[in-house]
**Student:** 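Attaching a single structure in structure tokens format; questions to follow.
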Amino acid sequence: MPQNSLRIALVGQPNSGKSTLFNALVGLRAIASNFPGTTVELLRGRTFIAGKPAEIVDLPGICSLSAEDPAERVARDFLLQERPDLIINVVDASVLSRSLSLTLQLAELGIPMVVVLNMADEAEHKGIRIDGEKLSKVLGVPVVFTVASRGIGLKDLLAALREARAPDPPRYSPWLEEVLAQLAPAAEAHRSGAGFPPRFLALRRLGEARNWPEGVQGRVPRAEEEPPLVLADERAALADRLFRAVAKVERTRAGFRERLDDVLMHPALAYPFLLLLLFLLFFLTFRVGNALEGLLSPVLEGLSEGVAQALGAGTFVPIIQGALDGLFAGIGIALPYLLPFYLFLALLEDVGYLPRAGFLLDGLMHRLGLHGKSVIPLILGYGCSVPAVLATRILEDERDRLITAALAVLIPCAARTVVVFGLLGRYVGPWAALALFLGNLGVVALLSALFSRVFPATGPGLILEIPPYRLPTVRTTLGKTWLRLKGFVKVAWPLLIASSAALSLAQALGGEHYLNLLTRPFTFALGLPLAAGVPLVFAVLRKELALLLLGQALGTEEVGEVLSLGQMAVFTVFTVFFVPCVATIAALSRELGWRRTAWVVAGTTGLALLLGLFARGLTGNL
């Protein structure tokens, strides 16, 4: 980052619209979702503010500077250790009374700040009328209204950034102000060089203490209570008074969205609808993907044959042909299933249904011995295992993080979904693919119950913000779909082309035989042909390579001519459950350490072998 550029931090509670605003300011670079835990690392982007370069950092959602879980600590540590030049406090205007407590904490830092009242349309829908000028006067910083998802208010925000200034420190009860005045000099001397106001240092010292310091206990009305609890009550009371001073709430009639929740969150009707929606998600993905594959395959086969004739014979022809086969396989097999899956998943996120699904599954998580928040990484796992593993940071307990991460890598990600639909769904039938997804859920549930008995614990309930229903915008939905597809285009596709070329070279030199011998203990036990070993080896790089290289390894893209229906079922089951891809292994090592990651890798491989043997016994006559 250039030395003269501004460093701006986007800070706000989960679901306040930080990532959406980040995308609007710096261009579409981050996936905005309705889930806490979507942003678990610092997302950085560059832009220009008033003609000057600026770096904008999207921090994980945080409810308080007294952070508990690892994701929140990332945000707190950035604010306290890197000290940005300016803070954009993104507030969900529709829940302003609850959000102002964090705003007050940020005001104590003494860093120039702008308050963004995002989702102003939702506040208006709820009948909340906010006096922005009065709030600005009380806080001492610019306040702007935005609807980031539609780009409303962004010009006002950019103009307000030029006028950002340090907030007026909030004033609490007189007794607390006297305590802070007494403790401030000692706190400043104790933490020299921090660069923060002495008053904030005193507040932080109290926020980390278990008892009130000697010499001030006589001034504290509730000296028997721990200082952090008293401070939280003081901020909550001040936030409530501030909300009442700057906002009015008018009575509104229940609209369509509220009536819709009466059905979709109904104790009896919600679960059949959830199952129906999940069925439609996978069924439509298969139907659309199958149709696209049928349209593209003849064209790509013709191109492949034409290129083969044009190349003729030569030393490097097999390598070139193999690379082209990998290129065409990505277009004709992977993309037809990835595109509709990511598109439908983005629609469910943007409409606001996925958090409701998480809420509905909270009770099930507890029955299985998991923390309610565990449902979030598990649902994210259907898109990609890497963010699912990273999302375990929202879990406070190490035991919960370990179990959830181990289970999340068993959820069939989009890459494994390609294998399921492209092999099992195409040749055996969509109902077989659906049965595998349901069986996968059953295995995850059984393992969760087993882990909870081996590592017993009682987790707290899930506190999850349920956002209002929203009509998704075409730009946001397509942009989110592209961001996820970009991972395949930039990473998996080059790997596919290189792997396909390497496989062709190995076939030409005879080296393929040794790779197949390496995996022969698995393929023999599973009843698979010797040639099926190489695709399984390359699948460790990216799961979809198992399918995309299978045809090349068998010598025909019509694998149904070589494999029986039972063998296809066994191959698919093993691919879904065995070793996570390299990127997921790296994420696991970061979150759990290499020793525990090794146990997860060994455990998933053993589980895949057992389930593959079970599938072989079940489908032996097919």
**Student:** Just by modelled atom types, is the R401 backbone N or O under 3.5 Å from a matching donor or acceptor in the T392 side chain?
**Tutor:** no

**Student:** Could you tell me whether the side chain of V74 reaches within less than 4.5 Å of the side chain of L59, counting heavy atoms only?
**Tutor:** no

**Student:** Donor-acceptor pairs are to be reported for all side-chain atoms of residues 604-612 against protein atoms at under 3.5 Å, with residues two or more places apart or in another chain.
**Tutor:**
| unit_1 | atom_1 | unit_2 | atom_2 | d |
| --- | --- | --- | --- | --- |
| T604 | OG1 | V600 | O | 2.9 |
| T604 | OG1 | V601 | O | 2.9 |
| T605 | OG1 | V601 | O | 2.8 |

**Student:** Between T572 (side chain) and M568 (backbone), is there a donor-acceptor pair under 3.5 Å?
**Tutor:** yes

**Student:** Show, in sequence, the C-alpha distance, side-chain angles and deciding distance for F574 and F522, and conclude whether the side-chain contact (heavy atoms from CB on, under 4.5 Å) test is met.
**Tutor:** CA-CA 10 Å; F574 186 80; F522 292 98; 3.9 Å; yes

**Student:** Evaluate the side-chain proximity of V570 to R616: yes if any heavy-atom separation is below 4.5 Å, no if none is.
**Tutor:** yes

**Student:** Please report, to 0.1 Å, the donor-acceptor pairs under 3.5 Å made by any side chain of residues 527-539, with sequence neighbours excluded.
**Tutor:**
none

**Student:** Could you state the interatomic distance from CG (L526) to CZ (F571), rounded to the nearest 0.5 Å?
**Tutor:** 10.0 Å

**Student:** Could you tell me which non-hydrogen atom of L613 sits nearest to which non-hydrogen atom of A525, and how far apart they are?
**Tutor:** CD2-O, 3.2 Å

**Student:** For L402 and R596, what are the C-alpha separation, side-chain angles and deciding distance, and is it a side-chain contact (heavy atoms from CB on, under 4.5 Å)?
**Tutor:** CA-CA 8 Å; L402 172 61; R596 289 177 174 175; 4.1 Å; yes

**Student:** Quick one: side chain to side chain contact (heavy atoms under 4.5 Å, CB included) partners of L275, sequence neighbours excluded?
**Tutor:** none

**Student:** Determine whether a donor-acceptor pair (N or O, by modelled atom type, separation under 3.5 Å) exists between the side chain of S448 and the backbone of V444.
**Tutor:** no

**Student:** Excluding sequence neighbours, so at least two apart, what forms side chain to side chain contact (heavy atoms under 4.5 Å, CB included) with L347?
**Tutor:** F344, P472, T477

**Student:** Keeping K543 on the side-chain end and C581 on the backbone end, is there a donor-acceptor pair under 3.5 Å?
**Tutor:** no

**Student:** Listed by chain and number, what are the ring-ring contact (aromatic ring centres under 6.0 Å, His included) partners of W431, not counting sequence neighbours?
**Tutor:** F279

**Student:** Starting from the C-alpha separation in whole Å, work towards a yes-or-no answer on side-chain contact (heavy atoms from CB on, under 4.5 Å) for L264 and L269.
**Tutor:** CA-CA 7 Å; L264 299 187; L269 300 177; over 6 Å; no

**Student:** CZ of F283 to CZ of F437: how many Å apart, nearest 0.5 Å?
**Tutor:** 13.5 Å

**Student:** If you define the side chain from C-beta out and look only at heavy atoms, does anything of W599 sit under 4.5 Å from W594?
**Tutor:** no

**Student:** Side-chain contact, heavy-atom cut-off 4.5 Å: Y427 with V559?
**Tutor:** yes

**Student:** Measure across T575 and A546 and return the closest heavy-atom pair with its distance rounded to 0.1 Å.
**Tutor:** CG2-CB, 3.8 Å

**Student:** Is Q567 reaching over with its side chain to a backbone N or O of S564, donor-acceptor style, under 3.5 angstrom?
**Tutor:** yes

**Student:** Of all heavy-atom pairs between L296 and P336, which one has the smallest distance, and what is that distance?
**Tutor:** CD1-CG, 4.0 Å

**Student:** Distance check, rounded to the nearest 0.5 Å: T519 atom OG1 versus F524 atom CZ?
**Tutor:** 13.5 Å

**Student:** Would you be so kind as to tabulate the donor-acceptor pairs closer than 3.5 Å made by side chains of residues 414-425, with sequence neighbours excluded?
**Tutor:**
| unit_1 | atom_1 | unit_2 | atom_2 | d |
| --- | --- | --- | --- | --- |
| R416 | NH1 | V409 | O | 2.9 |
| R416 | NH1 | V576 | O | 2.7 |
| R416 | NH2 | S385 | OG | 3.0 |
| R416 | NH2 | V409 | O | 2.9 |
| R416 | NH2 | I411 | O | 2.9 |
| T417 | OG1 | C413 | O | 2.8 |

**Student:** Any non-hydrogen side-chain atom of L447 less than 4.5 Å from a side-chain atom of L410?
**Tutor:** yes

**Student:** How close do S589 and A586 get, heavy atom to heavy atom, and via which atoms?
**Tutor:** OG-O, 2.6 Å

**Student:** Using 0.5 Å steps for rounding, measure from the CG atom of D58 to the CZ atom of R44.
**Tutor:** 11.0 Å

**Student:** Where do F578 and V540 land on the side-chain contact (heavy atoms from CB on, under 4.5 Å) test, with the steps shown first?
**Tutor:** CA-CA 9 Å; F578 95 116; V540 178; 4.3 Å; yes

**Student:** To the closest 0.5 Å, what do you measure between CG (L550) and CG (L554)?
**Tutor:** 4.5 Å

